[in-house]
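For reference, positions follow the sequence shown, starting with 1.
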Amino acid sequence: MRTHDPGLVATRRAGRTAVVMPALFALCTQVLHSPTMASFAAFGSFSMLLLVDFSGPMVERLRAQAGLALAWAVLICLGTLVAHRTWLAVLTTVVVAFAVLFSGVVSSVLAGSATALLLGFVLPVATPVPLSLLPDRLAGAGLAAAAALPAVALLWPRPVVDPLSGPAARVCRAAADRLRTDAALLGAPASRPAADLCHSVADRAARASADLRRAFDATPYRPTGLSTSSRTLVRLVDELTWLSTVLADRPAYTDEPPACDPAALSVRLAAAEVLDRAADLLTDPRGDVGGLRDGIKELRVAMRAMEDSSTVRLPVERPVGEGAAEVYGFIATLDLSFRAHELGYAVLQIAGNVDLAATAWQRSWPDQLLGREPDALTAPLATARERASAHLGWGSVWLHNSMRGAAGLGVAVLLADLTSVQHSFWVLLGTLSVLRSNALNTGQNAMRAVLGTVIGSILGAGLLQLIGHHGTVLWFLLPVAILLAGIAPAAISFTAGQAAFTVTLVILFNIGQNPDWQIALLRVQDIALGCAVSVVVALFFWPRGAAAAVDRALARAYSDSARYLSAAVEYALGHYETSPATPAPGEPTQQGHDAAAAARRLDDAFRSYLAERGAKPLSLADMTTLVTGVVGLRLAADAVVSLWQDCRRVRTKAHRTGADQTEAHRAILVTATRVTDWYHGLAASLDGHTPVPVPVPLGPESAARLVESVRTDLVDREGQATATAVRVIWTGDHVDVARRLQPGLAAAAQESPPA
């Protein structure tokens, strides 16, 4: 969507800054006659308007701007207090920089504000002044904040709809069309669609899912904040990815598809209707939530009816033949019901998140202003703690980047103080602007920054030479320079942005002064010094960046997700132990949290990996396959837990022996163990770059053993199948979903070169 084009976003930011920043600078210099106030007003408006662009409804954006202004006041006070003692300034810089950078794991609002927040500390700590000037500094920042709030609301306000809402809505509609097409294909022969239509619908669904994932992965951090609507977004993207994978993995139907339970067709059609209503709310979050909730109720009713229908059709009396054809004939028939259950569960998860997001959007203005949350999600502070704790391990890319940034700024403060350079905050700006996630990118950015600064200095010096003593002209050039500095990085290049920013600083520091072109040379000197600090720090702190950690992140994510699936199966099978005295198994909550935390660390490593320049060890397609596999494995475990968590512990009234019941337990557990062991082997191969294990096959004997054990075990005294029998078979099917992912993952992992 053009409303979210990066160039348009940069233009919006630059336009607001070009209006506000010169006006504040003129007010402070010409009316209030306070150079200190002018500097902080100018750089405050620069940070609050050009470096950030908060998303969400107007009230959320204004609240974020107010929070940024308050944080600036605290950081200005802290920086001014510690600036006079070098050791204290260096130590405080390291602590503050790490806290600001690492806090980005908690929220996209904090991640997107990191540079703006750091400038609020860098500017005062690099320019020591008497404490008597602290009120002027705070007044300048306060003027910037007072001007930024109405500028955000009135000067080219950001569109309210989130940039991912449109792609997510298109995935929902495409998936709904796919479900209706599948239902028609499995229905009466006269209503079956043509093959060309089936392929067209499938291709459209695949393209929509790929577009959503590309939009999600294009940002350097997860585009989610602590607001309710933001926190549901990352779940929604993962669940839509999983739904698309399930749809793409359906059996290849022939001209004569297997018989399908009418209840399974009803589930598909009900799920399609829910997806359409969810797409409507994603497009317009202010729409009526009642229609979606009614659709969810209808889908739940259809799923319960399908479960009852599957129980009736389970062949408990007639023996299952030993041949593969007979076994798979029964499995194929029941498989269509399972796939309808799998799709229905995925759609319920998606619809629940869309409902929650829309409810959050539709809260009253006071509730939004005070941050009152709907009851369905954990509180923001609990979510923040969970996100932060997931990145405290040494394998976290975000932790490494935060440590590197803190060390770089600390060294820059020390070096600027020891060398006593003029305008020493430029040294810190140079360090902050070029430091990246690996040494190669940092070095490349350092060269571009120095080149851009040299070009900008030459242009600035030439401009001053042409203007001479007609200093008033600089006032007219300042808004143009700010506009170019804001647009150039996105529209042209990083080098052009550095050149335009240098010209802006040259103009800013010469307004009201005798023209001094030597300030341009000082800018080159200070930026070069800051770039040198960044390169040295990058060489010593984790020089290979995300490329060295993405395999380890993948390995940990697969290992934790496999452990979660194993615990989920144990939880499911524990619902029909023979002894009533046996304690009921608890939900695998901790394993689920561990798997989700590992997935978040992988997500950050993958984003850094995509952002890094240079040759990639794996193709983007193979790496995306491996990352998506983690989502599928973890959500398969979620589905198993969901299948059983609403079910009270079932005590079968079977007249079979305990050994008979143990056979049903063993049939699923053996398969689950083989499948999860394979994923542990995959994790070891990714971490150690060893050969990938052979995917687990599932022959007729495994399916026959499962069906036979359930047929002879989970029946009541009247010989009728219980609902537990269906759940047991569907649990085995969820395990088989994880098994079916293995060949594609093995092929992608085999392309990984040795470390």
Query raised in the report: So Met303 and His341, side-chain contact (heavy atoms from CB on, under 4.5 Å) or not? Walk me through it.
Result: CA-CA 7 Å; Met303 291 177 67; His341 163 80; 3.7 Å; yes
Report task. Evaluate the side-chain contact (heavy atoms from CB on, under 4.5 Å) criterion for residues Arg601 and Asp560: first the C-alpha distance (whole Å), next the side-chain angles of each, then the deciding distance (0.1 Å), finally the verdict. Result -> CA-CA 12 Å; Arg601 289 192 296 270; Asp560 286 351; 4.2 Å; yes
Query - Leu282 and Leu236: CA distance, side-chain angles, deciding distance, side-chain contact (heavy atoms from CB on, under 4.5 Å) verdict - result: CA-CA 11 Å; Leu282 286 170; Leu236 188 61; 3.8 Å; yes
**Report entry** Stepwise side-chain hydrogen bond (donor to acceptor under 3.5 Å, both in side chains) test for Asp638 and Tyr345
**Finding:** CA-CA 10 Å; Asp638 282 341; Tyr345 168 75; 5.1 Å; no
Query - Test side-chain contact (heavy atoms from CB on, under 4.5 Å) applied to Arg563 and Thr676, step by step - result: CA-CA 7 Å; Arg563 194 174 297 112; Thr676 54; over 6 Å; no
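Shown here for Ala175 and Leu243, the closest heavy-atom pair between the two residues is CB-CD2, 3.9 Å. Between Tyr564 and Pro588 the shortest heavy-atom distance is CE1-O, 3.7 Å. Contact detail for Val640 and Val569: the closest heavy-atom pair is CG1-N, 4.3 Å. The minimum heavy-atom distance between Ala637 and Leu565, with the atom names listed, is CB-CA, 3.6 Å. Nearest heavy atom pair, residue Ala183 against residue Leu269, reads CB-CD2, 3.8 Å. Scanning both residues, Val267 and Ala302, for their nearest heavy atoms gives CG2-O, 3.4 Å.
Trp678 places no side-chain N or O within donor-acceptor distance of the main-chain N or O of Gln742, the cut-off being under 3.5 Å. For the pair Tyr679 (side chain) and Ala738 (backbone), a donor-acceptor distance under 3.5 Å is present. Without hydrogens or angle criteria, Thr241 side chain to Val237 main chain gives a donor-acceptor distance under 3.5 Å. In this structure, the side chain of Ser685 engages the main chain of Leu682 through a donor-acceptor pair within 3.5 Å. For Arg268 (side chain) and Arg180 (main-chain N/O), no donor-acceptor pair under 3.5 Å exists by modelled atom type. Judged by distance alone, the side chain of Ser209 and the main-chain N or O of Ala205 form no donor-acceptor pair under 3.5 Å. Looking at Ser559, its side chain never comes within 3.5 Å of a backbone N or O of Ala555 through a donor-acceptor pair. Judged purely by atom type and a 3.5 angstrom limit, Tyr558 uses its side chain to pair as donor or acceptor with the backbone of Leu626.
Donor-acceptor pairing under 3.5 Å is recorded for the side chains of Asn353 and Glu239. Counted by atom type alone, Thr628 and Trp242 present zero donor-acceptor pairs between their side chains at under 3.5 Å.
Once rounded to the nearest 0.5 Å, the distance linking CG of Leu247 with CG of Asp177 reads 11.0 Å. Note: Leu240 CG to Cys172 SG = 5.0 Å, rounded to the nearest 0.5 Å. Atoms CZ and NE2, from Arg739 and His734 in turn, are 15.0 Å apart once rounded to the nearest 0.5 Å. Here the OG atom belonging to Ser642 is positioned 8.0 Å from the CG atom belonging to Leu348, to the nearest 0.5 angstrom. Expressed to the nearest 0.5 Å, how far CG of Leu275 lies from CG of Leu179 amounts to 6.0 Å. Note that the CZ atom of Arg552 and the CZ atom of Arg556 stand 12.5 Å from one another [nearest 0.5 Å].
For Asp211, the salt bridge (Lys or Arg N to Asp or Glu O under 4.0 Å) test picks out Arg214, with sequence neighbours left out. Every residue two or more places apart in sequence or in another chain was checked for a salt bridge (Lys or Arg N to Asp or Glu O under 4.0 Å) with Asp594, and none qualifies.
For the pair Lys297 and Val301, the minimum side-chain heavy-atom distance is 4.5 Å or more.
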